[in-house]
Undergrad: 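Below you will find the structure I want to go over with you.
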Amino acid sequence: MATEMIDKKPTTLYREGNRSAPVIRGKSESLRAYRRQIADAEFGPDARAHVLQQVSSGVPLAEAAAQVNVSIVRVYGRALWDEEFRVQLDDALDAYSAPFMSDKCGTPAGYRRRKCRCRNCRAAHSEETARYR
Ligand SMILES: [Zn+2]
């Protein structure tokens, strides 16, 4: 078993029927690394910088994402696991909404009607929806 682990990749062992915890964990890690490689190829550093710059200067996120041919899901998906990008995206979204949201920011209506996705509006929205769960 121990030498098997050294000789073969977890994905190979899994395919051969090995369902031990280390193999399952190793397979998951390997697939995650593979998916992130794809994510990086589709939404690389230049594309990310472009989206952040556009959003900060007042372009809606969906439009900024479309400019570099990525879906909004790809953008939010990256923010789920890339802590640095998440903070940058939140800063950009805050900067995006600041000029036109004024006092509506941080209210459920800011999120719902004005489609603001800054930290405060998202917090107000999740607080509101939590009451219905
Ligand atoms: Zn807001």
Side-chain angles (χ1 to χ4, degrees):
M1 174 67 196
T3 51
E4 218 175 80
M5 292 288 292
I6 296 166
D7 295 341
K8 294 180 178 177
K9 289 181 188 174
T11 46
T12 304
L13 292 169
Y14 186 87
R15 196 168 42 245
E16 290 173 356
N18 185 331
R19 297 295 186 267
S20 67
V23 167
I24 290 175
R25 199 177 321 110
K27 175 186 165 261
S28 302
E29 283 165 12
S30 160
L31 281 176
R32 185 178 306 122
Y34 175 67
R35 287 196 200 101
R36 287 183 182 175
Q37 249 179 3
I38 293 172
D40 246 353
E42 286 184 9
F43 189 38
D46 291 347
R48 292 198 297 274
H50 179 85
V51 167
L52 294 171
Q53 187 275 324
Q54 288 290 289
V55 171
S56 302
S57 60
V59 175
L61 180 59
E63 203 176 297
Q67 287 173 4
V68 292
N69 292 318
V70 295
S71 68
I72 202 160
V73 172
R74 176 70 78 199
V75 176
Y76 280 123
R78 174 130 201 145
L80 284 177
W81 57 269
D82 183 340
E83 173 69 33
E84 186 187 357
F85 181 70
R86 175 171 48 234
V87 171
Q88 291 171 334
L89 181 63
D90 279 341
D91 289 346
L93 288 169
D94 285 355
Y96 164 80
S97 62
F100 65 90
M101 286 299 290
S102 63
D103 61 323
K104 293 283 187 252
C105 235
T107 65
Y111 183 93
R112 229 181 312 109
R113 294 205 199 100
R114 296 192 171 204
K115 312 259 183 254
C116 183
R117 296 297 182 261
C118 75
R119 291 175 176 102
N120 291 338
C121 287
R122 290 200 319 261
H125 175 72
S126 62
E127 197 176 290
E128 185 194 33
T129 55
R131 274 187 255 138
Y132 300 103
R133 280 186 217 128

Undergrad: Do side-chain atoms of Ser126 reach the backbone of Arg122 as a donor and acceptor pair under 3.5 angstrom?
TA: yes
Undergrad: Is any side-chain heavy atom of Cys105 closer than 4.5 Å to one of Ser97?
TA: yes
Undergrad: Tyr14: what forms a ring pair (Phe, Tyr, Trp, His ring centres under 6.0 Å) with it, not counting sequence neighbours?
TA: none
Undergrad: With sequence neighbours excluded, what pairs up with Glu29 under the side chain to side chain contact (heavy atoms under 4.5 Å, CB included) test?
TA: Arg25, Arg32
Undergrad: With Phe85, which residues qualify under side chain to side chain contact (heavy atoms under 4.5 Å, CB included), at least two apart?
TA: Phe43, Arg48, Leu52, Val75, Arg78, Ala79, Asp82, Gln88, Leu89
Undergrad: Examine distances only and state if a side-chain atom of Arg19 and a backbone atom of Ile24 form a donor-acceptor pair shorter than 3.5 Å.
TA: no
Undergrad: Considering the options Arg36, Arg74, Arg35, which one meets the salt bridge (Lys or Arg N to Asp or Glu O under 4.0 Å) requirement together with Glu42?
TA: Arg74
Undergrad: Considering only residues two or more places apart or on different chains, which pairs with a residue in residues 63-84 satisfy ring pair (Phe, Tyr, Trp, His ring centres under 6.0 Å)?
TA: none
Undergrad: Same cluster or not: Val59 versus Leu61, using hydrophobic residues (I, L, V, M, F, W, Y) connected whenever any side-chain heavy atoms lie under 4.5 Å apart?
TA: no
Undergrad: Once side chain to side chain donor-acceptor pair (under 3.5 Å) is applied, what residue pairs with a partner in residues 106-115 remain, sequence neighbours excluded?
TA: Arg112-Glu128
Undergrad: Not counting sequence neighbours, which residues clear side chain to side chain contact (heavy atoms under 4.5 Å, CB included) with Thr12? List them please.
TA: Lys8, Lys9, Arg15, Glu16
Undergrad: Is any side-chain heavy atom of Tyr96 less than 4.5 Å from a side-chain heavy atom of Cys116?
TA: no
Undergrad: Using the salt bridge (Lys or Arg N to Asp or Glu O under 4.0 Å) criterion, which residues pair with Glu127? Sequence neighbours excluded.
TA: none
Undergrad: For Ala49, give me all partners under side chain to side chain contact (heavy atoms under 4.5 Å, CB included), at least two apart in sequence or on another chain.
TA: none
Undergrad: If hydrophobic clusters are built from ILVMFWY residues whose side chains come within less than 4.5 Å, do Val73 and Val68 share one?
TA: yes
Undergrad: Closest approach of Val51 and Ala64, non-hydrogen atoms and distance?
TA: CG2-O, 3.7 Å
Undergrad: Can you tell me how far apart CG (Asp7) and CG (Leu13) are? Round to the nearest 0.5 Å.
TA: 9.0 Å
Undergrad: Of all residues at least two apart in sequence or in a different chain, which pass the side chain to side chain donor-acceptor pair (under 3.5 Å) check with Thr129?
TA: Arg133
Undergrad: Taking side chain to side chain donor-acceptor pair (under 3.5 Å) as the cut-off, I'd like each qualifying pair that reaches into residues 52-65, sequence neighbours left out, listed once.
TA: Gln54-Gln67
Undergrad: For Asp91, which residues count as a salt bridge (Lys or Arg N to Asp or Glu O under 4.0 Å) partner, sequence neighbours excluded?
TA: Arg119
